[in-house]
Structure formats: structure tokens, C-alpha cells
Amino acid sequence: MKNILQTGATRQGRRTTIGVVAALASLSAACNVAAQSLPSSGSSTLPALSDSQFGTAGTTTITQGAATADPSAITDQSDPTLDPTGIATADPSASAVRTNASTAARAAQRNADGALDTTQPYEEDLNQPADEAIDQGTTPIGRPEWEEQRASTDDAPGIPLGTFRLRPTVSQSINTEVTHDSGYKETRNFLATGIRGTLSSDWSRHALTVTGDGVFQRNINGSQNDTEPHANIEADLRLDLADHTTGHVIGRYNFQREDVSDPNAIGDASEQAGVHEFGGEASIEREAGRIRGLAAIGASRQVYTDAKLADGTVLSMKDRDRTGIDGRLRLGYELSPAIIPFAEIAMGHTVYDRRRDDSGYERSSNNYAGRAGVAFDFGEKLSGELAAGYQHVAYEDPRLKAVDGLTLDGKANWSPHRGTDVSFGLRTTVQDSTTPGESGWAEYQLSSVLAHQMRDHLVARLTGSTTYRDFGNGGEDNVTWIAGTGLTWSISRYVELTGDVEYERTTGGGSDQGILRAGVGLAVKR
């Protein structure tokens, strides 16, 4: 009997191990599929929300293969000064004080026999905040409690894999896209097959979360070269090192095709260059009384594929391959559990694989930045972070002027009333140019999402974003506007029906392009 039990335990352990490996493989497979392209990543690795974390609010959920009604998706989880929701964590002792104060108030309501006296009105010290659990777990601050309670019964339960839980989603949609560019009109219809998933641990200490998504497009009519693939995967390992000390080790991979509205895009290309981006960061955060300290170091790598021209020739982009490394320090002070002002400094270095590009310019650079801001958390109604600063990028080639200017970064989640959630994201990056004699430009992106629950299983969305490119040196500025709307109907906890419409407009800098997209899709969850 003992041998039988040991054999069963061994088999169970093997099944769990195989399940975890299979889950990781399924998430990694998402990196090989295609989707809606995002704005190109900044060459600077200095503090800013990454593309995968910031997102593009105007992008349709069908072409992305994911219905994102939760505004807490716009967060900076790479910053260990923030909890998994992206909001600065409060001192746990504050929760204990609030709980003890409330307990004392209720004890005063009891009669001499120790029983609860219901004849006396309950009075709580209004100078103390309302009760809340000391351990808030991983519930997103930007997601209201009523929505969490509904999600616990309506959301798909996921697949348990030992101490992990996998939540996969597969979607299929049919879409149409109409492009107007300087009097030229092109229409394409395509199918988009998406896969996304989250693998999260359930450990008593430390935590590992792996997320991945991607979409593969196949044109019903037209050339396959004009599809826009996208894939993303990220792993975040949180290490509970000691009391008030937390570490994070983050690794990520992203693939996207360069957008035709990007100033670096090839004008007569039938297929723009693809961008493989690898990144990682290690950080440690320490709380000492009201002081919040953070030290982090990160690295990134961009690799470009060849672009295909209209005449069939191939244009190499290897002169744009580069590697960056940066470090940053952050110091905050807790004025109250709801308000934490902070200051942050950072510096980095970007090295191109080739000393000179095809035009003969040395584009390796040094980056310096500083910013100050405030993190705020007023409960489920309002939370976020806003910061302003200055960034300077100096290139090794003396013929290239430095790019510097004001930076604005942040995000905010607001729930004006039950069933309605609004989120905002603001990001500043510096992009390197490929034009001879031009160094680069500053790019400002504002994103917003409004989600409203019209019925128990029907959610409506309004999305929008604006990308402003400031070329500085007498160049004509470029602006891209995106606006969209959509509906998500949860037929059951396992099946969703989605519909989206989106319009994108790019003007300035010699560009005059409008793109209309629409589609419907079906998503299956587990």
C-alpha cells in the first residue's frame, strides 16, 4: 500500500510539472502570432510606461484579440514602488490601526453581559477611516469591490496547475479596414485569431505572474504582406525579501511591425520592418517609516527585420539594431496613506551594433532624466500617479543635435459611480531618427478608456488616444488621433461576443492618412 501511495504521489507531481511547462509553452507561443501594431518603442530606456503596460487605448479589442474593460490595465507594474495594481502601497500598520479603532467602537456598543446591544445606535469614530482588511491581496485598486464580487462568480475559473492557475482565452474575429492616404484608397478584409493568457502563482510568499497575448492575421483579400503582427509576453517575479523590503525581477519580449505613420517607416514598402524587443529589470524597494526608496537597473535590446519594397527588393535594417542599459533611483515620502510625493533620477546608455548607420552617422547616445510627482490612492474611486520632469539625450556624433525637453508621465483610475470606470495614461519617450542629419524627436502620448456596464453581462467602451511628435529642429510636427467604441457581451462565463469600430487619423510631417476599422469576434475563456 505504501508503494502504491508513493507511486500515485510521484505521478501527481509529474502531472503538475508537465502542466506548468505546458502552460508556459502556450504563453510563449503567443509571441509568434500577429496583431494590431503599437507605436514604436522609445530608444531611451529611461522611466516611462512601456508599450506593453501603457497600451493603445484607441486600438480595437478585436484586432488585439482581447477585450480589455478593466481600466487598471494601464499601470506600471515594472516599478516596485507600486503594488500589482500600479499604485503606491500604504503602510500595513495603518490598516491595523483602522481595524483596532473600529473594533474598540463596536466593543463600546456591547452591554454589561458582553452581548451586542442592538438598542443603541452604532457610532464609529468619524476621525478614523472605515474598516478594511490588513491583507488586501492582489485585488486591483482600480477595480471596484462590486465588480470583484461579480467577477468571482461570473469570470472563468481558470485551470489549476499545482500552485499555479492558468487563465487562457482564444478569440476569432472578422474585420475590415479602409485606408485613405493622400487621395489613395485601399480596403482589406481579414481574419484575426488571438490568444492571450495569464499564469499566476498561489504561494504563501513571493509571487510569479506571466502574461502573454498575440494575434495572427490572415487577409481574406489582398496581399499577406500588409498584415500587422503583434505578440507580447512578460514575467514578473516578486520577492518578499524581508519586512518592508521587496524585490522584482521582470523579463519581457515584444514583437510588432513598424507602423506606417511612424516617421521612420519606409515610404514605398509593401511590408514594414518588424521589431523584436527584449527587456528586463531588477529592482529593490525599501520602506523605512514614511520613507519609500527604490533602486533599479534595466536593459533592453531591439532587433529589426528587413523591410520589403513594392518592387520586391529587400532593405536591410541591421544598422538600427541596438542595446540599452539604464539605472534609476527613486525616493518618496508618505504624507498620508493616500498621498506620496516622490522624486526620481535616471541615466542610461544606448549602443548601436554598428558604429555608424548606412548614412554615416554615429547614433549611440547617453540619456539623462529627472522627474518629480505624486502617487495618490483615495480608494476605489480614484488612484494613480502623475509626474513631470526633464530628459536629455546626447548623441556621440557631433553633427546630431541633442534632444531634450519636458516629460510628462502618469496614469489614473477613476470610478465616478458603480459600473463606470475611467482610466488615463500619459507617457513621454524619445525616438531616434533614421533621416540623415536628424537626431530624433520627443513623443507624447495620451490614452484614455471609458468602460460602462450597461447590463449585468454587457459592457460598453469608449477609447481614445493622441500621439504628438515634437521634432524640435524646425521640423513639421506630427499628430496621430485614434478614437474607438465597442461592446462586449458575456454570453456565459466562458464565451464573449465583441464588436468594435475605430478611426485613426495622422496629419503633419508630410502625412495625411485616415484608417477606418470595424469587426466582430467571439472569445472563448477557461
Side-chain angles (χ1 to χ4, degrees), residues 31-45 50-52 54-56 58-59 63-64 177 179 181 186 188 190 214-217 219 223-232 252-279 300-310 313-324 350 352-354 357-359 363 427 429-436 438-443 445 465 467-469 471 478-480 482 504-506 508-511 513 515 517:
C31 299
N32 298 320
V33 294
Q36 185 83 2
S37 64
L38 301 173
S40 59
S41 301
S43 60
S44 170
T45 56
S50 67
D51 285 322
S52 61
F54 181 82
T56 50
T59 302
T63 53
Q64 286 288 6
E177 180 181 84
T179 302
D181 192 351
E186 181 181 5
R188 76 180 181 107
F190 62 96
V215 175
F216 174 77
Q217 293 183 5
N219 286 350
S223 172
Q224 285 298 314
N225 291 336
D226 59 359
T227 59
E228 300 174 341
H230 164 74
N232 177 76
R252 64 178 65 93
Y253 166 79
N254 177 270
F255 177 81
Q256 61 186 1
R257 193 168 299 285
E258 200 160 44
D259 195 278
V260 293
S261 64
D262 192 288
N264 289 331
I266 307 301
D268 59 344
S270 61
E271 181 178 291
Q272 297 293 335
V275 186
H276 298 273
E277 183 173 0
F278 307 85
S300 66
R301 169 76 176 165
Q302 286 85 32
V303 178
Y304 288 76
T305 65
D306 298 337
K308 296 181 180 180
L309 304 182
T313 58
V314 174
L315 181 62
S316 175
M317 295 288 175
K318 291 186 178 299
D319 64 328
R320 298 176 63 184
D321 296 350
R322 58 188 181 270
T323 302
T350 300
Y352 279 74
D353 292 1
R354 296 182 178 179
D357 63 12
D358 292 343
S359 301
R363 295 195 176 273
R427 179 182 63 173
T429 58
V430 173
Q431 309 280 357
D432 286 350
S433 177
T434 59
T435 304
E438 297 292 335
S439 53
W441 68 89
E443 188 168 292
Q445 186 174 10
S465 69
T467 302
Y468 172 71
R469 300 178 179 93
F471 292 93
N478 177 286
V479 182
T480 298
I482 300 178
E504 177 180 345
R505 179 75 175 176
T506 301
S511 299
Q513 183 185 76
I515 303 176
R517 304 182 183 95

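All values reported here derive from a predicted model rather than from experimental measurement. Quick note: numbers below take in every heavy atom, side chains included, and nothing from hydrogens, waters or symmetry partners.
Rounded to the nearest 0.5 Å, atoms OG1 (Thr179) and CZ (Arg517) are 7.0 Å apart. With values rounded to the nearest 0.5 angstrom, Phe255 atom CZ is found 5.5 Å from Thr305 atom OG1.
In plain terms, the two heavy atoms of Val479 and Tyr468 that are nearest each other are CG2-CD1, 3.6 Å. Here the shortest heavy-atom pairing between Gln272 and Arg257 reads O-NH1, 2.6 Å. The two residues Ser270 and Leu309 come nearest to each other via the heavy atoms OG-O, 3.4 Å. Nearest heavy-atom pair, Asp319 versus Arg354, reported as atom, atom and distance to 0.1 Å: CA-CD, 3.9 Å. Counting all heavy atoms, side chain and backbone alike, Ala273 lies closest to Ala307 at N-CB, 4.0 Å. Taking both residues in full, the closest heavy atoms of Asp358 and Ser316 are given as OD2-O, 4.3 Å, listed atom of the first, atom of the second, then distance.
Side-chain contact between Thr313 and Leu315 is absent, with no heavy atoms from C-beta onward closer than 4.5 Å. Gln217 is not listed as a side-chain neighbour of Glu177, based on a closest heavy-atom distance of 4.5 Å or more.
Exactly one residue among Asp181, Thr467, Thr480 makes a side-chain hydrogen bond (donor to acceptor under 3.5 Å, both in side chains) with Thr506. That residue is Thr480. Checking each of Asp432, Asp357, Asn264, Val303 against Arg320 for a side-chain contact (heavy atoms from CB on, under 4.5 Å) leaves exactly one that passes, namely Asn264. For the pairing with Tyr253, the side-chain hydrogen bond (donor to acceptor under 3.5 Å, both in side chains) check across Glu277, Arg301, His276 returns one residue only, His276.
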(request) Report the C-alpha separation of Phe471 and Asn478 in whole Å, then their side-chain angles, then the decisive distance to 0.1 Å, and conclude whether the side chain to side chain contact (heavy atoms under 4.5 Å, CB included) test is met. (result) CA-CA 8 Å; Phe471 292 93; Asn478 177 286; 3.9 Å; yes
(request) Walk me through it: do Gln431 and Thr429 pass the test side chain to side chain contact (heavy atoms under 4.5 Å, CB included)? (result) CA-CA 6 Å; Gln431 309 280 357; Thr429 58; 3.4 Å; yes
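For the pair Arg363 (side chain) and Thr350 (backbone), a donor-acceptor distance under 3.5 Å is absent.
Counting only N and O atoms by type, the side chains of Gln445 and Arg427 include a donor and acceptor under 3.5 Å apart.
The existence of a salt bridge linking Arg469 and Asp262 is excluded, since no basic side-chain nitrogen approaches an acidic carboxylate oxygen closer than 4.0 Å.
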